[in-house]
Structure formats: C-alpha cells, structure tokens
A.B. asks: 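Dumping the structure here so I can ask a few things about it.
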Amino acid sequence: MSEHVEGRIGRRTHNAGALRAGNAGETVLLQGWVHAIRDAGGVMFILLRDRHGLTQVTLDETAPEAAWEVARRVRLEWVVEVEGVVARRAEAAVNPDMPTGEIEVRPTRLAVLSASRPLPFTPGTQAPVSEQVRLQHRYIDLRRPELQRNLLIRHRAAQAARRYLDRLGFLEIETPVLTRSTPEGARDYLVPSRVHPGEWFALPQSPQIFKQILMVAGCDRYFQIVKCFRDEDLRADRQPEFTQIDIEMSFADRDAVMAVAEGLARHVWREVLGVELEPFAVLSYAEAMRRFGVDKPDLRFGLELAELDWGATGFRVVRGALDAGGIAKAMVVPGAAGDTSRKTLDAWTEFARRYGLGGLLWGKVKEGDAWSGPLGKVEAELRAGIPGVSPGDLVLVAAGPAAAVNAGLGNLRNHVARERGLVPEGVFRFAWVVDFPAFEWDEEAGRWVALHHPFTAPKPEHVALLGTGREAEVLSDAYDLVCNGYEVAGGSVRIHDGEVQRKVFAALGMDAEEARARFGFLLDALASGAPPHGGIAAGFDRWVMLLAGTDNIRDVIAFPKTTTAQDLMAGAPAPVDPEQLAELHVRNTV
RNA sequence: GGGGUUGUAGUUCAGCCGGUUAGAACGCCGGCCUGUCACGCCGGAGGCCGCGGGUUCGAGUCCCGUCAACCCCGCCA
C-alpha cells in the first residue's frame with residue numbers, strides 16, 4: 001500500500017474540469033456523472049460531470065461499437081467511466097462558455113459504473129426546483145455546481161481559520177457534546193441518560209463554560225470549530241445546529257481578543273476570496289442604536305436615523321408618544337419623493353408595524369418650506385430640524401417607545417435600501433459594536449437577564465453598581481462583530497473573580513445556593529487560580545454565507561433542516577421503538 | 001405562539017365568473033436524425049388538483065379546518 005501525498009488517486013487521470021487544448025492527443029481516463037446526453041443519430045455527445053467541471057465525450061463513426069452500445073443505454077446521472085483520447089474540437093464546434101470547451105474526449109471504451117433511477121430533478125434541470133424537493137433529495141441538490149462551490153468555500157474558510165489560529169499558538173481542543181443543561185439562554189436539546197434514570201444531558205448551546213475552564217487549566221489559547229445546538233425557531237440565517245469558530249485566550253483584554261478575531265476575518269477573506277478587508281469600524285452599542293436603530297447595522301449604505309428634539313411639538317401623534325416617555329426619529333431617503341408611491345409607503349408602514357410601531361409619518365420635500373404628506377402638518381421649524389434634508393427627499397418619521405422606533409426604523413432602513421438598490425454588491429463592511437449593557441429587563445420573567453451571558457465581565461468601573469438597583473447602567477466588556485447587517489461574532493472579557501461572578505448571578509436573581517447548584521464547578525474553577533481571560537465565538541455558517549454571497553444559511557450547510565427543524569432527507573426527528581424509550585426511562589405523553 | 005406567501009403530472013407552472021374529457025414546458029418511455037452544447041423532429045405513458053370537512057344540481061376554483069415548504073414577528077444568554 002503506497003501513501004498518496006498529492007495528485008492522482010485511483011484510476012482517474014484527470015477530473016472533468018481539467019482538460020485543455022494542450023492535452024490534445026493524450027489518452028485519459030475520466031469517471032463521473034452523465035450530466036447531459038445529446039444524441040444526433042450518427043454522432044452522440046455525453047457531458048461528463050464531477051465537482052470540478054464538465055467534459056464533453058463525443059462518439060462518432062470512429063468510436064468502437066461496444067462504446068456505442070453503452071452510450072445508447074446510458075441515462076442522465078448514471079455514473080460512467082470513459083477511456084479515450086483528447087481531441088481538439090473543430091473551430092466551429094468550440095464552446096467558449098465552457099472551460100473545457102476547446103476539447104472533447106473520443107472514447108475507446110465506455111463503461112457503466114452505476115445506474116440511476118429516474119430522479120425527481122437533475123443538476124442540469126433548468127427550471128428552479130422547490131426547496132422542499134431539493135431538501136428531500138439533498139444528494140442530488142449537492143451535485144449542483146453552486147452548492148459544490150459553497151461546500152468548497154466552507155472547507156477553505158475552515159482550513160484558513162485553522163492555519164491562522166494554529167500559527168498564533170491556539171490549541172484545537174474538543175469539548176463534550178453531552179453536557180449539562182444551564183439556565184439562561186436558549187432552549188436546550190436534551191438527551192436522556194440510560195444509566196441515571198430521570199437525569200438528562202443537554203447538547204451545548206456553546207462550549208462557553210468548558211473553554212473558560214480550559215483557561216483555568218492553563219491552556220492559554222484555545223479554539224474549536226464546533227457544533228452548537230439551540231432549540232429555538234429558525235430563520236433564513238439560523239439553524240438549530242450550527243457551527244462556531246470558538247476562541248478563548250488567557251491574559252487577554254478586550255483589544256487583544258478583538259485583534260485576533262479581526263485578524264482571523266482578514267485572513268479568511270484573503271485566503272478564500274483574495275479580498276483585503278477595509279479597517280473595521282468600532283462603534284458603541286449606544287451609537288449603533290442611535291444612528292441605525294439596531295445593534296448589527298449594515299454599513300454598506302447611508303440612510304442613518306436622526307433622533308428628533310420635538311419636545312415642543314403640538315403634533316398629536318408625536319406629542320402622545322413623547323408624553324408617554326417615547327422618542328421620535330427620522331430617516332431621510334434622498335431623492336425618493338418622486339418615485340415612492342402611496343402603495344410603497346403603505347407597504348413600508350406595514351413593514352414597520354411588525355416591530356410594534358403604530359405607523360409611519362412621511363413627508364415629501366418640495367422646494368421651499370412646502371412638504372406634502374402627514375409631515376406637512378408639522379410645524380415648519382421642527383421639520384427644519386431634521387438634518388440633511390433637500391428638496392426631492394422623502395422623510396419618514398416614527399414616534400413611540402424607543403424600542404419600537406429603533407427596531408421599526410432600523411429594520412425598515414435595511415428594507416428600503418434593498419428595495420431602492422442602495423446596497424452595493426461584493427462589499428464587506430465589518431464593524432465592532434462594543435460597550436453593551438450587561439443586563440436587560442425581562443418583562444415576562446420580571447427580572448434582569450444577561451444581554452450576552454452571565455459570565456461576561458462588567459466594565460471594572462461599573463462593578464460597584466451591582467446590587468445597588470442601578471443594573472440598567474452597567475456596561476460590559478462585550479463586543480460583537482457585525483458585517484453587512486449580520487452579527488458574525490460575539491464575545492466578551494470574562495469574569496475571572498468568583499466574587500464578581502456571584503454578584504452577577506445575584507443581579508440575575510440567582511442566589512448563592514442556586515448558583516452553587518448550577519455552576520458550582522465553574523465557581524470552584526474560578527477560585528482555583530483563574531487567569532484573566534476573554535474570548536469570542538464566530539458564527540461560521542454566516543461567515544460562509546457572506547463569502548459565498550448567499551442570504552440563506554441552508555445554502556452553506558450540507559444537510560440543513562427545514563423551518564420546522566426537520567431533516568427531510570433522513571426523516572428526522574422520528575418516533576423510536578417503545579423498547580428504546582423504556583431503556584431510557586422515558587415515556588411519550590403524545 | 002402569531003402573521004404572510006405557496007401547494008395541480010416526476011419537475012416548474014397555467015387553469016377565466018363554479019360547468020361537461022384538468023393543460024403546457026421540461027423530464028420519462030419508444031422511434032428518427034453525422035457536430036450537438038437549453039440539439040431537433042414524430043409518437044406515447046403519466047393526475048388523491050396537499051389532506052379533511054362544508055356550501056352547491058355541480059368544486060382544482062368558494063368557505064372552514066388541518067398539514068407541509070418558505071419569509072417575518074415573538075424566541076434565539
């Protein structure tokens with residue numbers, strides 16, 4: 001048995017995308033799928049496909065009768081082997097749209113390696129096929145060049161990340177997949193224990209606690225490209241199992257972690273796309289919310305929001321919102337007065353309402369002080385206070401509770417930009433968002449919850465505020481990396497002091513006993529010589545989405561799940577035998 | 001949990017104001033064709049109109065429910 005270091009493995013001499021005019025005259029052996037058959041009678045063309053490309057195999061009167069017999073039998077998506085001679089195509093037969101279009105293979109031998117049943121669709125199918133059918137037959141869908149390309153991008157991104165982190169001295173260490181359920185955060189996927197009746201493992205939402213403990217264990221620099229599991233509803237950019245590039249560093253402050261993560265993104269983009277990223281902007285959470293209404297702003301276009309100082313207004317809608325403790329904000333859409341119909345405005349209003357806004361006020365700016373639309377009724381001096389307004393612009397104003405105004409206008413900003421073609425293609429605008437509030441008030445639970453997670457260090461100067469009832473003012477050393485409107489990484493400096501950790505648990509409504517019960521091992525670890533440490537976790541699937549230029553996470557995952565968290569190909573989830581349940585001490589209640 | 005879009009042949013779709021035998025394209029099967037590259041030409045097979053109920057003389061079409069795919073809100077430390 002010899003060891004293959006590179007190059008040729010097996011009997012293939014070339015892949016289906018390799019042959020060029022320079023190979024003319026060579027005897028080759030290709031294996032692959034039948035992508036298309038064009039039978040013109042006395043001459044027949046078979047397109048052979050593998051993940052590298054397409055090669056035309058041509059049979060004419062010079063082809064052996066045995067090859068003809070096989071060719072006439074062959075059907076789409078059968079797997080075949082071709083042995084033959086590379087020939088330059090006649091001038092008129094060259095296909096300039098194909099990388100291998102200058103040549104064709106004249107077979108001396110053609111063999112069927114594997115037949116295929118008639119398929120519900122083929123990779124060569126012209127009409128788009130529904131997502132449902134594609135997911136049911138994922139092995140066919142994955143044969144398509146686009147998805148092959150995405151898998152390749154994903155592979156290259158993962159390899160580039162590993163090389164970069166390895167070079168910086170990070171160790172790739174695996175953490176358990178069967179672990180324990182932790183409070184806070186997403187719903188857990190649970191796994192019953194056979195050996196311990198009534199007890200359950202949880203699949204990790206992230207390896208958070210383990211990586212911190214690895215720091216206590218002296219590992220210094222850790223990373224892992226790791227599956228995480230969250231049993232929450234799906235979105236176009238969210239799957240219940242997803243992959244993180246998980247990173248943790250000892251003796252590192254915020255800037256050190258951010259530098260590593262920025263370097264990682266820079267390296268991956270360079271290696272995968274050959275792109276040099278612009279310097280990453282840094283903005284505070286407060287600034288992001290003020291200017292963009294969201295904590296993951298898309299910086300590829302303008303349309304920034306402006307907070308309005310309309311405290312004096314008598315305008316009924318705004319007056320009411322302000323009196324109720326709300327705010328008013330404006331978004332100016334340059335040059336949109338002329339071509340924004342009433343229908344479009346209604347659709348935008350409907351869009352904004354989803355986020356809890358009562359509605360939108362709009363005004364089309366004419367020459368002078370004249371505005372048409374609802375904003376025309378607003379005092380002229382207040383309208384003059386909206387920054388950057390010129391005749392021909394469309395102004396949208398929302399008033400209400402701050403959260404609704406920000407979410408409504410912030411998301412509408414993305415929507416309008418897309419509709420009006422303001423989003424440039426092929427551009428990556430990365431930015432750091434820093435100085436997040438440590439806690440946010442959960443109305444439903446009636447308590448403070450961690451905005452990031454309970455192990456995030458409050459800013460040192462804010463630690464004293466813990467337990468004083470001023471939790472809302474506490475900022476944390478947390479940071480998110482955003483790109484083109486996606487959150488693509490998030491992390492923080494961690495609490496390495498058991499006392500501070502207890503105070504944070506207390507602020508979250510967890511008393512010492514409960515904290516002990518749930519996180520005792522972490523508290524013990526933190527009390528056992530814990531280095532200052534911090535880290536970050538990057539949403540690898542979203543990175544690949546951006547690299548691949550798609551807006552759907554299913555396009556970059558080999559075997560994704562549907563919106564209802566099912567695997568249509570494998571048919572999961574599915575019932576199991578009652579004996580299996582009995583063994584696990586579990587009973588179905590449905 | 002809520003809202004929206006979609007569901008008709010293997011696939012993608014059309015199907016009018018409720019009317020008699022539900023169509024097209026591609027694919028599939030058979031035949032023809034010596035330079036195709038969305039090959040072309042001739043012929044053929046193929047339908048639980050997602051599922052259940054209702055209205056009606058009559059339902060692919062209208063109503064109610066339900067299931068599924070997708071998008072969004074909630075949720076996602």
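Reckoned from all heavy atoms, side chains included, excluding hydrogens, waters and symmetry mates. Labels below follow one simple rule: chain letters A, B, ... track the order of the sequence lines, proteins then strands, and each chain is numbered from 1.
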A.B. asks: Under 4.0 Å, heavy atoms only, any strand: does A:Tyr355 hit a base, just the sugar-phosphate, or nothing?
C.D. replies: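 Counting heavy atoms under 4.0 Å across all strands, the contact made by A:Tyr355 is with sugar-phosphate only.
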A.B. asks: Find the distance between CG (A:Asp233) and CZ (A:Arg238) and round it off to the nearest 0.5 Å.
C.D. replies: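 It is 7.5 Å, given to the nearest 0.5 Å.
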A.B. asks: Looking only at atom P, what distance separates B:rG3 and B:rC64, rounded to whole Å?
C.D. replies: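 B:rG3 and B:rC64 have their P atoms separated by 13 Å.
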A.B. asks: When you match A:Ala565 and A:Arg542 each to their closest nucleotide on RNA chain B, which lands nearer the 5' end?
C.D. replies: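 Nearer the 5' end of the strand: A:Ala565.
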A.B. asks: May I ask you to say what A:Arg88 touches in the nucleic acid, namely base, sugar-phosphate or nothing, with a heavy-atom cut-off under 4.0 Å?
C.D. replies: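 The answer is nothing, as A:Arg88 stays clear of every strand by at least 4.0 Å.
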A.B. asks: If I take atom CD in residue A:Glu104 and atom P in nucleotide B:rU34, what distance separates them, rounded to the nearest angstrom?
C.D. replies: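 From A:Glu104 CD to B:rU34 P: 17 Å.
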A.B. asks: Contact class for A:Ala186 vs. all strands (heavy atom < 4.0 Å): base, sugar-phosphate, or nothing?
C.D. replies: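 Sugar-phosphate, backbone atoms only, no base.
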A.B. asks: Categorize A:Arg75 for me: base, sugar-phosphate, or nothing, with a 4.0 angstrom heavy-atom threshold over every strand shown.
C.D. replies: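 The residue A:Arg75 makes sugar-phosphate contact but no base contact.
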A.B. asks: Paired with B:rA9: which nucleotide, if any, by Watson-Crick or G-U wobble criteria at under 3.5 Å for both distances?
C.D. replies: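 Answer to the pairing question: none, since B:rA9 forms no Watson-Crick or G-U pair.
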A.B. asks: Between CZ of A:Phe439 and CG of A:Leu465, what distance do you get to the nearest 0.5 Å?
C.D. replies: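 So the gap between those two atoms works out to 10.0 Å.
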A.B. asks: Between A:Thr563 and B:rC70, is there a side-chain N or O to OP1/OP2 distance below 4.0 Å?
C.D. replies: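 A:Thr563 to B:rC70 OP1/OP2: side-chain N or O found under 4.0 Å.
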A.B. asks: What distance, rounded to whole Å, do you find between the two P atoms, one in B:rG19 and one in B:rG27?
C.D. replies: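 Their P atoms lie roughly 33 Å apart.
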A.B. asks: Relative to each other, are the rings of A:His533 and A:His496 parallel, tilted or perpendicular (30° and 60° limits)?
C.D. replies: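 Taking A:His496 first and then A:His533, their aromatic rings stand perpendicular (interplane angle over 60°).
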A.B. asks: Who does B:rG30 pair with, Watson-Crick or G-U, both distances under 3.5 Å?
C.D. replies: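 Pair assignment: B:rG30 / B:rC42.
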A.B. asks: Could you verify whether a donor N or O on one side chain and an acceptor N or O on the other, from A:Asp435 and A:Ser284, lie under 3.5 Å apart?
C.D. replies: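 No, no side-chain donor-acceptor contact under 3.5 Å.
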A.B. asks: When we call it a touch if two heavy atoms are under 4.0 Å apart, what does A:Leu234 touch: a base, just sugar-phosphate, or nothing?
C.D. replies: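 The residue A:Leu234 makes no contact with any strand.
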A.B. asks: Which nucleotide, in any strand shown, forms a Watson-Crick or G-U wobble pair with B:rA59, with both distances under 3.5 Å?
C.D. replies: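 By the stated definition (distances under 3.5 Å), nothing pairs with B:rA59.
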A.B. asks: So, A:Trp441 versus A:Glu471: side-chain donor-acceptor pair below 3.5 Å or not?
C.D. replies: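 Distance-only check fails for A:Trp441 and A:Glu471.
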A.B. asks: Are side-chain N/O atoms of A:Asp246 and A:Tyr222 paired as donor and acceptor at under 3.5 Å?
C.D. replies: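 A:Tyr222 and A:Asp246 do have a side-chain donor-acceptor pair below 3.5 Å.
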A.B. asks: Pick base, sugar-phosphate or nothing for A:Glu61, based on heavy-atom distances below 4.0 Å to the nucleic acid.
C.D. replies: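 Since a base atom lies under 4.0 Å of A:Glu61, the category is base.
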A.B. asks: Have a look at A:Glu91 and say if it touches a base, only the backbone sugar-phosphate, or nothing, with a 4.0 Å heavy-atom cut-off.
C.D. replies: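 A:Glu91: no heavy atom of the nucleic acid under 4.0 Å.
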A.B. asks: Taking atom P in both B:rG7 and B:rC49, what distance in whole Å separates the two?
C.D. replies: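 Straight-line distance between the two P atoms is 15 Å.
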A.B. asks: Taking CD from A:Gln56 and P from B:rC37, how many angstroms apart are they, rounded to a whole number?
C.D. replies: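 Spelled out: CD on A:Gln56 to P on B:rC37 is 10 Å.
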A.B. asks: P atom, B:rU61 versus B:rC71: distance in rounded Å?
C.D. replies: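 Here B:rU61 and B:rC71 have their P atoms 28 Å from each other.
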A.B. asks: Taking B:rA24 as the reference, what is the distance to B:rU34 when you measure between their C1' atoms (whole Å, please)?
C.D. replies: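 Looking at atom C1' only, B:rU34 and B:rA24 are 32 Å apart.
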A.B. asks: Contact class for A:Asn552 (heavy atom, under 4.0 Å): base, sugar-phosphate, or nothing?
C.D. replies: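 Counting heavy atoms under 4.0 Å across all strands, the contact made by A:Asn552 is with sugar-phosphate only.
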A.B. asks: Drop me the distance from A:Asp541's CG to A:Gln244's CD, to the nearest 0.5 angstrom.
C.D. replies: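 Rounded to the nearest 0.5 Å, the CG-CD separation comes out at 9.5 Å.
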A.B. asks: Taking only N and O in the side chain of A:Gln566, is any of them less than 4.0 Å away from OP1 or OP2 of B:rA69?
C.D. replies: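 Yes, A:Gln566 has a side-chain N/O under 4.0 Å of OP1/OP2 on B:rA69.
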A.B. asks: Could you tell me how far B:rA22 sits from B:rG18 if I compare only their C1' atoms? Round to whole Å.
C.D. replies: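 The same atom, C1', in both gives a distance of 14 Å.
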A.B. asks: Taking atom P of B:rC75 as reference, at what distance in whole Å does atom CG of A:Asp237 sit?
C.D. replies: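 Rounding to the nearest Å, CG of A:Asp237 and P of B:rC75 are 16 Å apart.
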A.B. asks: Only pairs with both distances under 3.5 Å count, Watson-Crick or wobble alike; so what is the partner of B:rG18 in this structure?
C.D. replies: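 For B:rG18, the partner nucleotide comes out as none, under the 3.5 Å rule.
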A.B. asks: A:Arg134 CZ to B:rA68 C1': how many Å, rounded?
C.D. replies: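 Rounded to whole Å, this separation is 17 Å.
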A.B. asks: Between A:His415 and A:Phe351, how do the two ring planes meet: parallel, tilted or perpendicular, split at 30° and 60°?
C.D. replies: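 Because their plane-to-plane angle is under 30°, the rings of A:His415 and A:Phe351 count as parallel.
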A.B. asks: Atom CG of A:Asp188 and atom P of B:rC75: how far apart are they, to the nearest Å?
C.D. replies: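 In whole Å, B:rC75 P lies 18 Å from A:Asp188 CG.
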A.B. asks: Check this for me: does the side-chain of A:Arg230 come within 3.5 Å of the base of B:rC75 through a donor and an acceptor?
C.D. replies: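 When only heavy-atom distances are counted, A:Arg230 does not reach the base of B:rC75 through any donor-acceptor pair under 3.5 Å.
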A.B. asks: Return the value, rounded to whole Å, for the distance between atom CD1 of A:Ile103 and atom P of B:rC37.
C.D. replies: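 Atom-to-atom, A:Ile103 to B:rC37, this comes out as 18 Å.
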A.B. asks: In whole angstrom, give me the gap between the P atoms of B:rG4 and B:rU21.
C.D. replies: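 Taking atom P in both B:rG4 and B:rU21, they lie 36 Å apart.
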A.B. asks: Looking at A:Trp543 and A:Val488, would you say the former's side chain and the latter's main chain have a donor-acceptor pair under 3.5 Å?
C.D. replies: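 Yes, because the side chain of A:Trp543 sits within donor-acceptor range (under 3.5 Å) of the backbone of A:Val488.
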A.B. asks: Between N or O atoms, less than 3.5 Å apart, protein on one side and nucleotides 9-11 of chain B on the other: list the pairs.
C.D. replies:
from	atom 1	to	atom 2	distance (Å)
B:rG10	O2'	A:Pro120	O	3.3
B:rU11	O4'	A:Pro120	O	3.1

A.B. asks: Base, sugar-phosphate, or nothing for A:Leu76, non-hydrogen atoms under 4.0 angstrom?
C.D. replies: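 Sugar-phosphate contact only.
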A.B. asks: Please give the nucleotide sitting opposite B:rG47 as a Watson-Crick or G-U wobble pair, both distances under 3.5 Å, or none.
C.D. replies: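 Pairing partner, where one exists within any strand: none, as none qualifies.
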A.B. asks: Please give the nucleotide sitting opposite B:rG35 as a Watson-Crick or G-U wobble pair, both distances under 3.5 Å, or none.
C.D. replies: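 Matched B:rG35 with nothing under the 3.5 Å cut-off.
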A.B. asks: Could you tell me the separation between the CG atom of A:Asp231 and the C1' atom of B:rC76, rounded to a whole number of Å?
C.D. replies: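 Atom CG in A:Asp231 sits about 11 Å away from atom C1' in B:rC76.
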A.B. asks: Given B:rC70, is OP1 or OP2 found less than 4.0 Å from the side-chain N or O atoms of A:Arg554?
C.D. replies: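 Answer is yes, contact under 4.0 Å.
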A.B. asks: Is A:Ala236 touching bases, backbone alone, or none of the nucleic acid, heavy atoms closer than 4.0 Å?
C.D. replies: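 Contact class for A:Ala236: sugar-phosphate only.
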A.B. asks: Just how far, in rounded Å, is C1' of B:rC71 from CG of A:Asn414?
C.D. replies: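 Spelled out: CG on A:Asn414 to C1' on B:rC71 is 15 Å.
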A.B. asks: Is the base of B:rG31 touched by the side chain of A:Arg72 through a donor-acceptor pair closer than 3.5 angstrom?
C.D. replies: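 No.
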A.B. asks: Measuring only the C1' atom in each nucleotide, how far is B:rA38 from B:rC75? A whole number of Å is fine.
C.D. replies: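 Taking atom C1' in both B:rA38 and B:rC75, they lie 45 Å apart.
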A.B. asks: Do A:Arg238 side-chain and B:rC75 base share a donor-acceptor contact under 3.5 Å?
C.D. replies: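 It does, because a donor-acceptor pair links the side chain of A:Arg238 to the base of B:rC75 below 3.5 Å.
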A.B. asks: Establish whether the base of B:rG74 is bridged to the side chain of A:Arg235 by a donor-acceptor pair shorter than 3.5 Å.
C.D. replies: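 Check passes, donor-acceptor contact within cut-off.
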A.B. asks: Does a side chain donor of either A:Ser492 or A:Arg494 reach within less than 3.5 Å of an acceptor in the other side chain?
C.D. replies: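 Present: a donor and an acceptor within the cut-off.
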A.B. asks: Pick base, sugar-phosphate or nothing for A:Thr564, based on heavy-atom distances below 4.0 Å to the nucleic acid.
C.D. replies: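 The answer is sugar-phosphate, as A:Thr564 gets under 4.0 Å only of primed atoms, P, OP1 or OP2.
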A.B. asks: Hey, are A:Thr58 and A:Glu104 close enough side-chain-wise for a donor-acceptor pair under 3.5 Å?
C.D. replies: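 There is such a pair between these side chains.
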